[in-house]
Number of protein chains: 2
Amino acid sequence: MDEPNVQDDSRKFTRESAEYRREALILATLDLIAEMGVRGATVREIAARANVTQGLIRHYFSSKDELVQAAYEHHMNTLTDQTAASSGEGTALSRLSNFVDASLRPPIVDPSAVALWAGFLNKVQHDPKMQRIHQRTYNYFRDHLETLIVAALRECGRSVEASEAMQLAIACNAVIDGLWLEGGALPDAFAEGQLAQIGLESVSAIIGIPLKKEVEQP
Amino acid sequence: MDEPNVQDDSRKFTRESAEYRREALILATLDLIAEMGVRGATVREIAARANVTQGLIRHYFSSKDELVQAAYEHHMNTLTDQTAASSGEGTALSRLSNFVDASLRPPIVDPSAVALWAGFLNKVQHDPKMQRIHQRTYNYFRDHLETLIVAALRECGRSVEASEAMQLAIACNAVIDGLWLEGGALPDAFAEGQLAQIGLESVSAIIGIPLKKEVEQP
DNA sequence: GGAATTATTATACACTTGCATAATTGCGAG
DNA sequence: CTCGCAATTATGCAAGTGTATAATAATTCC
């Protein structure tokens, strides 16, 4: 995030690759939106936090709106990538457990993550393009969860119809989202691991299968 | 919400009670925060929507921040009042069912309600006073739900320890919040009544008691 | 190594924002 | 009826907003 070329000689600035600058601007934007909302994230602050002057934003993005859109897309892609990684290996049951557990601990459960989500909501509700990104990500999560649930049930010798599976996925997704929300909005109201534990028990109850938290190897 | 005195003669304005003006300003503020966020709700727009000029805001509130705080408090109080009303009569089981059901239908589930919540979040996270209001309301909801759950369990001849009851309440609260969130953020993704149905089934599963939706009398 | 390219900075502008202060004007008290 | 007070409007201001345009300077290509 800092300048990679530490040449503090009389150079007034350093040229960086377009990719580097775009990402720096996007990350600064996400930071600021989490802190102050979209309107509070001014182009001047964004530029300052990305160590450039404000004019450069217009060089990479045709408007602030476009930068915000790009930031949203970047953020959502990061989210889905993280998720995909969290439930990679093992039996279906353990993959589901790990997924729930990981979704209810830092860095997923985090005040600024919730703030970021809230900051974007207005834009999402008004801009059709952002709406599509939102819907796509939501569906991705829910389908992922549904796949895990169906696999876990099958592993226990049970099978469900498609519509029932979808309802289970919606419900489990809601528990996770609700706990995520509350953990991020009231960080001090829950003990460490409490959210994950409650999440696991609730998902267990909803799908009717006991899930155990993975034992950590120290 | 409109002017009560319809005297469109040459009067330039009408004097109203302090209470009336305060409430009009607060409601206009809530409307605008839901639409554009706190920063987007400018004093000029608020005044216009309350049918006054912007100077009057300073006459009733010492700053925009104070107006926003008052609006938040007003909103939260309205919320808790509505909740208390939704689960008034009947057996414990039916009161719990009604509470869950009412929490997952309009007007509670509503895009602007979620937008309002999101709009306030930044302020809540930064301003200790608003944080207290938030915490108080959250606790109120959770305790209310916990009371309903414990009563319903007792009605079925079961009893739970305090810590277990709290966990059940947190979990049920999370399902409700998560479904509320998703219903408000993606209004077209769910059929009418679907959220309420999923909510009832999930709460049933979590606490281990079958809940039936009340039959409506047409 | 010099010139072209273009990433980057610098400056300017029209507009909005919250707030302060002064000027009105409706309305009740006497 | 009119006088005084406070509710309300009118006006102004300094700071901040996004964006447009011109000026500079770092890097590349030959």
Side-chain angles (χ1 to χ4, degrees), chain A residues 3-26 28-29 32-33 35-71 119 122-123 126-127, chain B residues 3-26 28-29 32-33 35-71 119 122-123 126-127:
Chain A
E3 50 260 278
N5 300 349
V6 192
Q7 14 183 245
D8 255 4
D9 32 38
S10 58
R11 288 239 177 64
K12 286 205 169 177
F13 58 87
T14 318
R15 291 191 172 196
E16 301 290 349
S17 72
E19 201 181 337
Y20 173 84
R21 281 273 132 92
R22 279 182 63 93
E23 175 146 357
L25 286 170
I26 284 177
T29 304
L32 280 166
I33 289 179
E35 251 179 67
M36 343 245 305
V38 170
R39 282 185 205 245
T42 68
V43 292
R44 283 168 176 80
E45 279 263 356
I46 293 171
R49 206 165 284 205
N51 289 114
V52 295
T53 52
Q54 53 154 328
L56 198 62
I57 289 182
R58 281 272 299 166
H59 193 257
Y60 286 103
F61 302 92
S62 70
S63 70
K64 179 187 170 180
D65 258 23
E66 201 192 283
L67 168 56
V68 171
Q69 266 180 18
N122 272 298
K123 284 268 170 193
H126 288 75
D127 184 338
Chain B
E3 50 260 277
N5 300 347
V6 192
Q7 16 183 244
D8 257 4
D9 32 39
S10 57
R11 290 241 179 61
K12 287 205 168 176
F13 59 87
T14 319
R15 290 192 172 196
E16 302 288 350
S17 72
E19 201 181 337
Y20 173 84
R21 281 275 132 92
R22 278 183 64 92
E23 173 147 357
L25 285 170
I26 284 177
T29 304
L32 280 166
I33 289 179
E35 253 179 64
M36 343 244 306
V38 170
R39 281 183 139 93
T42 68
V43 291
R44 284 167 176 82
E45 280 262 356
I46 292 171
R49 207 167 284 203
N51 289 114
V52 295
T53 51
Q54 55 153 327
L56 199 60
I57 289 183
R58 279 274 298 166
H59 193 258
Y60 286 102
F61 303 92
S62 72
S63 70
K64 179 186 169 181
D65 258 22
E66 201 192 283
L67 168 56
V68 171
Q69 266 181 18
N122 271 298
K123 285 265 168 195
H126 288 73
D127 183 341

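Each chain gets a letter, A, B and so on, in the order its sequence line appears, and its residues count up from 1. Bear in mind that the values here come from a model prediction, so they are computed numbers and not experimental data.
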A.B. asks: Provide, to the nearest angstrom, the distance between the NZ atom belonging to Lys12(B) and the C1' atom belonging to dT11(D).
C.D. replies: 14 Å
A.B. asks: Round to the nearest Å and state the distance from Gln54(B) atom CD to dC19(C) atom P.
C.D. replies: 10 Å
A.B. asks: Starting at CD of Glu16(B) and ending at C1' of dT8(D), how long is that distance when rounded to a whole Å?
C.D. replies: 11 Å
A.B. asks: Go through dT9(D), dT19(D), dA7(C) for me and flag the one nearest to the Phe13(B) side chain.
C.D. replies: dT9(D)
A.B. asks: Considering only heavy atoms and no angle criterion, is a donor-acceptor pair shorter than 3.5 Å present between the side chain of Arg15(A) and the base of dT6(C)?
C.D. replies: yes
A.B. asks: Below the 4.0 Å mark, does dT8(C) have OP1 or OP2 next to a side-chain nitrogen or oxygen of His59(A)?
C.D. replies: no
A.B. asks: Touch check for Phe61(A), heavy atoms < 4.0 angstrom, all strands: base, sugar-phosphate only, or nothing?
C.D. replies: nothing
A.B. asks: Could you tell me whether the side chain of Lys64(A) reaches within less than 4.5 Å of the side chain of Val68(A), counting heavy atoms only?
C.D. replies: yes
A.B. asks: Using whole Å, what does the distance between atom C1' of nucleotide dA7(C) and atom CZ of Arg22(A) come to?
C.D. replies: 15 Å
A.B. asks: Grab the CG-C1' distance between Asn51(A) and dT9(C) for me, whole Å please.
C.D. replies: 14 Å
A.B. asks: Take the protein atom CG of Leu56(B) and the nucleotide atom C1' of dA10(D), then report the distance between them rounded to whole Å.
C.D. replies: 13 Å
A.B. asks: Separation of Arg11(B) atom CZ from dT9(D) atom P, in whole Å?
C.D. replies: 14 Å
A.B. asks: Of all heavy-atom pairs between Tyr60(B) and Arg22(B), which one has the smallest distance, and what is that distance?
C.D. replies: O-NH1, 3.5 Å
A.B. asks: Looking at side-chain heavy atoms only, is the closest gap between Met36(A) and Arg39(B) below 4.5 Å?
C.D. replies: yes
A.B. asks: Mind checking if Thr53(A) touches a base, just sugar-phosphate, or nothing, with heavy atoms under 4.0 Å?
C.D. replies: base
A.B. asks: Answer yes or no: is there a side-chain heavy-atom contact under 4.5 Å between Ile46(B) and Ile57(B)?
C.D. replies: yes
A.B. asks: Do Arg44(A) and dG18(D) share a donor-acceptor pair, side chain to base, under 3.5 Å?
C.D. replies: yes
A.B. asks: In whole angstroms, how far is the C1' atom of dC19(C) from the CG atom of Asp65(B)?
C.D. replies: 12 Å
A.B. asks: Select one nucleotide: of dA7(C), dC19(C), dT17(D), the one nearest the side-chain heavy atoms of Tyr60(A).
C.D. replies: dA7(C)
A.B. asks: Do Phe61(B) and Ile26(B) have side chains that get closer than 4.5 Å, going by heavy atoms?
C.D. replies: yes
A.B. asks: Within the structure, does a side-chain N or O atom of Arg58(A) lie under 4.0 Å from either OP1 or OP2 of dA20(D)?
C.D. replies: yes
A.B. asks: Over all strands shown, is Arg21(B) touching base, sugar-phosphate only, or nothing at heavy-atom distances under 4.0 angstrom?
C.D. replies: sugar-phosphate
